[in-house]
Amino acid sequence: MFWIKNLVRISQTTSSSVGNVFRNPESYTLSSRFCTALQKQPEIETVQAKDVVNGLEPQRYDGLAPTKEGEKPRVLVLGSGWAGCRLMKGIDTSIYDVVCVSPRNHMVFTPLLASTCVGTLEFRSVAEPISRIQPAISREPGSYYFLANCSKLDADNHEVHCETVTEGSSTLKPWKFKIAYDKLVLACGAEASTFGINGVLENAIFLREVHHAQEIRRKLLLNLMLSEVPGISEDEKKRLLHCVVVGGGPTGVEFSGELSDFIMKDVRQRYSHVKDDIRVTLIEARDILSSFDDRLRHYAIKQLNKSGVKLVRGIVKEVKPQKLILDDGTEVPYGLLVWSTGVGPSSFVRSLDFPKDPGGRIGIDEWMRVPSVQDVFAIGDCSGYLESTGKSTLPALAQVAEREGKYLANLFNVMGKAGGGRANSAKEMELGEPFVYKHLGSMATIGRYKALVDLRESKEGKGISMAGFVSWFIWRSAYLTRVVSWRNRFYVAINWLTTFVFGRDISRI
């Protein structure tokens with residue numbers, strides 16, 4: 001039978017695979033490129049032996065050596081967000097080898113992340129593996145993905161120092177290694193802004209990654225189940241069932257809308273004992289959805305109030321384990337606290353000795369270059385225009401990051417075809433047209449099959465702006481087409497259908 005022949009063939013291949021690795025020159029070349037320590041094994045063993053004698057942990061510092069003549073130039077991408085993944089998707093892998101270093105091996109489709117917190121969508125529907133975005137990373141001999149963080153950047157020697165990401169103290173100790181690059185792209189994103197408020201990091205949950213959505217979901221369902229336990233006091237029950245969202249931007253408003261839908265349609269049917277006690281409060285220092293048309297903002301406020309979302313204007317001064325304190329002294333007890341107040345530069349970006357924009361992000365010119373060093377580019381939320389360019393810093397939006405990644409991929413492809421792909425080879429090269437951003441508009445869902453669509457280029461500009469059910473249909477259609485792969489589009493469509501027919505899943509897994 002056919003499967004028996006395949007089994008015999010696999011057994012024969014496996015038995016001779018070890019010998020083939022050392023007999024095959026190409027395999028040896030790949031191994032020596034990946035681990036420079038193979039060429040200097042006696043020297044490393046001597047160093048490690050000295051470390052052991054001195055009572056030190058042996059230092060492991062392998063990595064990817066600089067590319068040689070006859071090899072493709074190497075583009076190193078730090079990050080796997082919108083900007084970095086769009087760059088990797090568009091880059092010509094017949095010209096370049098692509099290496100990605102990131103603490104996650106997937107891209108998160110952030111516009112739909114809030115829907116996963118309440119079971120409207122499954123978590124895998126918003127996560128796209130890097131190897132699907134750029135297949136060369138898993139197929140080409142010189143392209144890789146490394147689960148690691150960048151700990152140091154040596155721009156003079158065209159190399160970065162990395163450290164592997166591990167989970168907890170019970171796993172392997174971090175492995176340090178170096179990667180030499182011809183072109184470096186900093187696309188490491190930003191981190192949630194806490195504005196230095198005490199207790200935010202310890203007690204609040206952000207909504208930027210899939211594991212954040214998982215934590216929110218588990219916490220929400222846990223509080224619902226604990227609130228039904230006999231003997232619990234009324235005050236404690238009300239605290240557990242009070243969901244507080246800080247930040248009135250699109251993420252905070254969309255999460256509040258999804259949460260109110262979950263309460264109205266699912267909690268009241270399946271947790272009837274506590275259906276009248278669960279509440280949602282949205283806290284914002286200024287106006288919610290400040291980038292939208294005033295008419296749309298007022299419509300959103302009206303709909304959120306109808307859905308039972310309480311809007312509070314105030315500034316959070318301190319966050320404690322079970323309550324937060326506003327600037328007027330008001331204490332707000334909570335069972336679940338979601339923090340969505342924008343983003344700022346990460347600690348890694350702040351540590352880099354590069355010129356910064358007024359907001360502390362990596363300063364770039366109109367071609368996404370970091371002017372102070374050669375062959376270093378920055379895109380996405382971690383970068384901003386230098387004041388010398390005369391341009392205002394672009395907002396930290398997915399569409400900005402995606403457009404920057406697409407532009408830089410095209411720029412690299414042109415440079416590579418013109419012979420400027422290698423390190424220090426594009427100093428005098430004409431780069432063509434600079435990057436120009438044109439805002440396509442904003443959209444946000446507010447629950448109850450309602451959404452906002454604002455297609456103006458700016459708040460003062462003219463254009464189409466609408467709200468209601470038609471806008472909700474446009475919102476879903478637009479994001480369904482923007483999901484990266486056909487696989488995830490199918491997942492999203494099926495999840496929406498099953499939620500509509502059977503309701504949301506309330507299993508705490």
Side-chain angles (χ1 to χ4, degrees), residues 108-126 205-221 223-224 241-271 275 278-284 288-289 299-311 334-340 442-453 467-469 471-476 478-480 483 491-493 495-500 502-508:
V108 179
F109 193 79
T110 48
L112 298 178
L113 187 59
S115 298
T116 65
C117 299
V118 294
T120 306
L121 296 176
E122 294 183 15
F123 298 111
R124 65 177 179 177
S125 301
V126 299
I205 305 176
F206 304 106
L207 187 52
R208 295 181 53 78
E209 304 286 349
V210 171
H211 67 85
H212 293 151
Q214 292 172 329
E215 186 178 359
I216 290 171
R217 179 174 172 77
R218 288 177 60 82
K219 182 76 170 178
L220 176 62
L221 294 175
N223 288 350
L224 281 169
L241 296 176
H242 189 197
C243 304
V244 177
V245 182
V246 179
T251 301
V253 170
E254 288 189 336
F255 175 70
S256 299
E258 288 282 353
L259 193 54
S260 66
D261 272 1
F262 176 60
I263 294 169
M264 299 288 288
K265 298 175 183 177
D266 300 273
V267 171
R268 295 198 172 186
Q269 291 181 8
R270 305 175 195 184
Y271 291 92
K275 64 180 181 180
I278 188 165
R279 298 171 295 146
V280 181
T281 298
L282 176 61
I283 300 175
E284 170 57 42
I288 69 167
L289 300 173
Y299 179 86
I301 292 171
K302 181 180 178 182
Q303 290 298 319
L304 288 172
N305 286 331
K306 281 185 179 180
S307 301
V309 178
K310 181 182 178 182
L311 302 178
Y334 65 84
L336 171 67
L337 176 60
V338 177
W339 194 271
S340 176
S442 303
M443 295 186 291
T445 179
I446 53 178
R448 297 167 62 96
Y449 303 110
K450 303 290 193 303
L452 312 177
V453 174
F469 176 78
S471 299
W472 174 84
F473 184 79
I474 293 172
W475 175 85
R476 281 209 164 180
Y479 281 136
L480 184 61
V483 173
Y491 282 160
V492 170
N495 288 167
W496 280 341
L497 178 61
T498 54
T499 298
F500 179 77
F502 302 108
R504 295 171 178 84
D505 180 22
I506 60 168
S507 302
R508 185 176 183 266

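In this structure, Asp505 and Arg217 approach most closely via the heavy-atom pair O-NH2, 2.5 Å. Looking at every heavy atom in both residues, Phe206 comes nearest to His212 through O-CB, 3.0 Å. Smallest separation of non-hydrogen atoms from Ser471 and Ala451: CB-O, 3.2 Å. Phe469 approaches Lys450 most closely through the heavy-atom pair N-CD, 3.9 Å. Nearest heavy atoms, Ala213 versus Leu113: CB-CD1, 4.0 Å. For the residue pair Met443 and Glu254, the shortest heavy atom distance occurs at O-OE2, 3.9 Å.
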Open item on the list: ring pair (Phe, Tyr, Trp, His ring centres under 6.0 Å), that's the test. Do Tyr479 and Trp475 meet it? Break it down for me.
Closed with: CA-CA 6 Å; Tyr479 281 136; Trp475 175 85; 5.5 Å; yes
TODO: For Leu112 and Val483, run side-chain contact (heavy atoms from CB on, under 4.5 Å): C-alpha distance rounded to whole Å, both residues' side-chain angles, the deciding distance at 0.1 Å, then the answer.
DONE: CA-CA 9 Å; Leu112 298 178; Val483 173; 4.2 Å; yes
Task: Stepwise side-chain contact (heavy atoms from CB on, under 4.5 Å) check, Leu224 with Ile506 - done: CA-CA 10 Å; Leu224 281 169; Ile506 60 168; over 6 Å; no
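Note that Lys265 lies in the cation-pi zone of Tyr449, set by a 6.0 Å cut-off to the ring centre and a 45° limit from the axis.
Side-chain contact between Phe109 and Val492: absent, with no pair of heavy atoms (C-beta onward) separated by less than 4.5 Å. Between Thr116 and Ser125, the closest side-chain pair of non-hydrogen atoms is not below 4.5 Å. Looking at heavy atoms from C-beta onward, Ile446 lies in side-chain contact with Tyr299 at the 4.5 angstrom threshold. Between Arg504 and Glu258, some side-chain heavy-atom pair lies under the 4.5 Å cut-off. Residues Ser340 and Phe255 are not in side-chain contact: their nearest non-hydrogen atoms beyond the backbone lie 4.5 Å or more apart. No side-chain heavy atom of Ile278 sits under 4.5 Å from any side-chain heavy atom of Tyr271.
Between atom CD1 of residue Ile216 and atom CG of residue Leu337 there is a gap of 9.5 Å, rounded to the nearest 0.5 Å. Atom OG of residue Ser115 and atom CG of residue Asn495 lie 10.0 Å apart, to the nearest 0.5 angstrom. Rounded to the nearest 0.5 Å, atoms NZ (Lys310) and CD1 (Ile283) are 9.0 Å apart. Rounded to the nearest 0.5 Å, atoms CG (Leu304) and CZ (Arg448) are 10.0 Å apart. Here the straight-line distance linking atom CZ of Arg218 with atom CG of Asn223 works out to 12.0 Å at 0.5 Å rounding. Between atom OG1 of residue Thr110 and atom CD of residue Glu209 there is a gap of 9.5 Å, rounded to the nearest 0.5 Å.
Under the rule for a salt bridge (Lys or Arg N to Asp or Glu O under 4.0 Å), Arg508 has no partner lying at least two apart in sequence or in another chain. Under the rule for a salt bridge (Lys or Arg N to Asp or Glu O under 4.0 Å), Asp261 has no partner lying at least two apart in sequence or in another chain. Residues passing the salt bridge (Lys or Arg N to Asp or Glu O under 4.0 Å) test with Arg124 are Glu122, sequence neighbours excluded.
Checked against Val245 for a side chain to side chain contact (heavy atoms under 4.5 Å, CB included), the options Leu282, Leu207, Val253 give a single hit: Leu282. Each of Val280, Leu241, Ile205 was scored for a side chain to side chain contact (heavy atoms under 4.5 Å, CB included) with Leu336, with one residue passing: Ile205.
Looking only at distances, a side-chain donor or acceptor of Thr499 sits under 3.5 Å from a matching main-chain atom of Thr120.
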